[in-house]
Amino acid sequence: MENLLYEYMSKRFAHSQEVNGLPKDLGPVITLSRQAGCGASKLAHDLCTQLNEIAVKSGKAPVWHFINHEILEKSAEKLNLDPGKLNQVITDKERGIMDQIIEALSSHTHKSDQKIMKTMYEVIRQIAEQGNVIIVGRGGATVSQHIPHSLHIKLEAPIQWRCSEVMKKLEYSREYSMEYIRKMDEQRQMYVQRMIQGSEHSFGYDVILNPSRFNHQQMVQMIISMAGLKGIH
């Protein structure tokens, strides 16, 4: 059972590994890492729209898509995991994500953090190598460093600006928004540290963008331009 998630995703993407009997080039992939409150999901959505429009104009099929926590939802559904426990994996801010995943799978065989992280690492790597995907969070930048046609972006902004964004989007109080940001940043840092067995380094990113200095559309256009310079579209 420990490799069910990896086996499912491997089967799903196995067809992409070979085209006309020849190995398929890895990627392209774009990763978006972010601090809480920086709005990466909408950015990923609009980047996919732009990339697919570019593909159509070039006579290609629109194939770009993005993933974040949905990969856990879809995988759990395919693996017949309890949806209530899956919801804890995504929404419980009090406990570490690995503890939540272990609990979600506890109806089968208990798995160590190391086995869980290895499985997640391989799943994300498989998705990145298949290409034409934007990976939001999940340590995607770390996992896909080996892919030549890749672009790794991190979104960072002052905490007061992020607090204001969370207050507007989620209608939280200022005090609760600050606590929400602290817990989310801490959880994400813990996840990446477990993923790479060490501390995250900024040199793993091609560029760090501050969304408090650029509006949404400006960031979309900058990332599209950088993707073009790196041969991603």
Side-chain angles (χ1 to χ4, degrees), residues 5 9 12-13 27-52 62-76 86-87 89-93 97-98 100-101 117 119-145 147 149-157 162 165-166 169-170 180-181 183-196 200 202 204-211 214 216-224 226-227 230 232-233:
L5 185 58
M9 296 306 299
R12 177 177 171 83
F13 295 111
V29 59
I30 296 173
T31 67
L32 293 178
S33 302
R34 79 288 195 207
Q35 294 178 316
C38 285
S41 291
K42 177 170 172 49
L43 186 60
H45 175 274
D46 290 352
L47 285 169
C48 283
T49 299
Q50 289 275 331
L51 288 167
N52 282 327
V63 294
W64 281 87
H65 62 286
F66 76 96
I67 63 165
N68 46 25
H69 60 72
E70 286 86 0
I71 189 63
L72 294 178
E73 295 176 332
K74 292 176 182 178
S75 299
L86 172 65
N87 187 58
V89 173
I90 296 170
T91 62
D92 191 340
K93 312 300 187 221
I97 191 168
M98 288 304 102
Q100 297 172 49
I101 293 174
M117 292 310 300
T119 300
M120 291 298 297
Y121 185 99
E122 294 298 337
V123 167
I124 296 167
R125 181 184 176 113
Q126 185 80 20
I127 293 169
E129 290 181 352
Q130 188 248 353
N132 297 110
V133 63
I134 298 174
I135 301 175
V136 180
R138 304 292 170 192
T142 298
V143 175
S144 58
Q145 288 290 315
I147 299 177
H149 289 159
S150 62
L151 177 63
H152 307 293
I153 306 290
K154 185 168 186 179
L155 305 177
E156 291 187 358
R162 294 190 285 139
E165 291 297 300
V166 171
K169 182 178 180 180
L170 301 179
Y180 170 85
I181 287 170
K183 288 181 178 180
M184 289 295 292
D185 284 347
E186 184 180 85
Q187 186 182 68
R188 288 168 180 171
Q189 183 180 18
M190 177 191 67
Y191 174 88
V192 173
Q193 286 176 342
R194 288 179 175 177
M195 174 74 74
I196 66 177
E200 184 181 29
S202 60
Y205 301 101
D206 295 295
V207 67
I208 296 176
L209 287 178
N210 182 346
F214 301 98
H216 178 79
Q217 193 55 40
Q218 286 172 335
M219 289 194 295
V220 170
Q221 293 307 315
M222 284 190 289
I223 295 172
I224 290 293
M226 287 186 284
K230 295 202 74 176
I232 290 175
H233 67 80

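Basis for what follows: all heavy atoms, side chains included, without hydrogens, waters or symmetry-related copies. Note that the coordinates shown come from a computational prediction; the quantities given were computed from them, not determined experimentally.
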Original post:
Between atom CD of Q221 and atom NE2 of H216, what is the distance when rounded to the nearest 0.5 Å?
Top reply: 10.0 Å
Original post:
Is the count of non-hydrogen atoms from other residues, nucleotides or ligands lying under 6.0 Å from H233 atom NE2 greater than 12?
Top reply: yes
**OP:** Could you check V207 against M222 for side chain to side chain contact (heavy atoms under 4.5 Å, CB included), going step by step and ending with a plain yes or no?
**Re:** CA-CA 11 Å; V207 67; M222 284 190 289; over 6 Å; no
**OP:** Output, in order, the C-alpha distance, side-chain angles, deciding distance and verdict of side chain to side chain contact (heavy atoms under 4.5 Å, CB included) for L51 and F66.
**Re:** CA-CA 11 Å; L51 288 167; F66 76 96; over 6 Å; no
Subject >> Nearest atoms (heavy-atom pairs only) where K230 meets S150 >> reply: NZ-O, 2.8 Å
**OP:** Kindly indicate, with the supporting measurements, whether the criterion side chain to side chain contact (heavy atoms under 4.5 Å, CB included) is fulfilled by L209 and I223.
**Re:** CA-CA 10 Å; L209 287 178; I223 295 172; 4.0 Å; yes
Subject >> D46 side chain near Q50 side chain, heavy-atom distance below 4.5 Å >> reply: no
Subject >> Residue pair V220 / L47: nearest heavy atoms and the distance that separates them >> reply: O-CD2, 3.7 Å
Original post:
Counting N and O atoms only, with roles assigned by atom type, does the side chain of R34 sit under 3.5 Å from a partner on the main chain of G39, one being a donor and the other an acceptor?
Top reply: no
Original post:
Which value, rounded to the nearest 0.5 Å, describes the distance between M219 atom CE and Q217 atom CD?
Top reply: 10.0 Å
Original post:
Of the non-hydrogen atoms in A44 and I134, which two are nearest, and what is the gap between them?
Top reply: O-CD1, 3.7 Å
**OP:** Carefully, step by step, assess E129 and R125 under the rule salt bridge (charged side-chain N to carboxylate O under 4.0 Å, His left out).
**Re:** CA-CA 6 Å; E129 290 181 352; R125 181 184 176 113; 3.0 Å; yes
Original post:
Can you name the closest pair of heavy atoms from V133 and A128 and give their distance?
Top reply: CG1-CA, 4.2 Å
Original post:
What's the spacing between K183 NZ and R188 CZ if we round to 0.5 Å?
Top reply: 14.5 Å
Subject >> Spatial distance of atom CD (E165) from atom CD1 (I181) [nearest 0.5 Å] >> reply: 9.5 Å
Original post:
Is a side-chain N or O of Q145 found less than 3.5 angstrom from the main chain of G204, in a donor-acceptor match?
Top reply: yes
Subject >> Minimum heavy-atom distance between A227 and L151, given as atom pair plus value >> reply: N-CD2, 3.8 Å
Original post:
Once you round to the nearest 0.5 Å, how far does CD of Q130 lie from CD of Q126?
Top reply: 8.5 Å
**OP:** Output yes when a side-chain donor or acceptor of N132 lies under 3.5 Å from a complementary backbone atom of G27, and no otherwise.
**Re:** no
**OP:** Mark yes or no for whether D185, through its side chain, and Q35, through its backbone, hold a donor-acceptor pair below 3.5 Å.
**Re:** no
**OP:** Among I67, V143, I30, L32, find the residue that satisfies the side-chain contact (heavy atoms from CB on, under 4.5 Å) test when tested with I135.
**Re:** I67
Original post:
Which heavy atom of W64 sits nearest a heavy atom of N52, and at what distance?
Top reply: N-OD1, 2.8 Å
Original post:
So H152 and S144, side chain to side chain contact (heavy atoms under 4.5 Å, CB included) or not? Walk me through it.
Top reply: CA-CA 9 Å; H152 307 293; S144 58; 3.1 Å; yes
Subject >> Close side-chain approach of C38 to E156, heavy-atom, < 4.5 Å >> reply: no
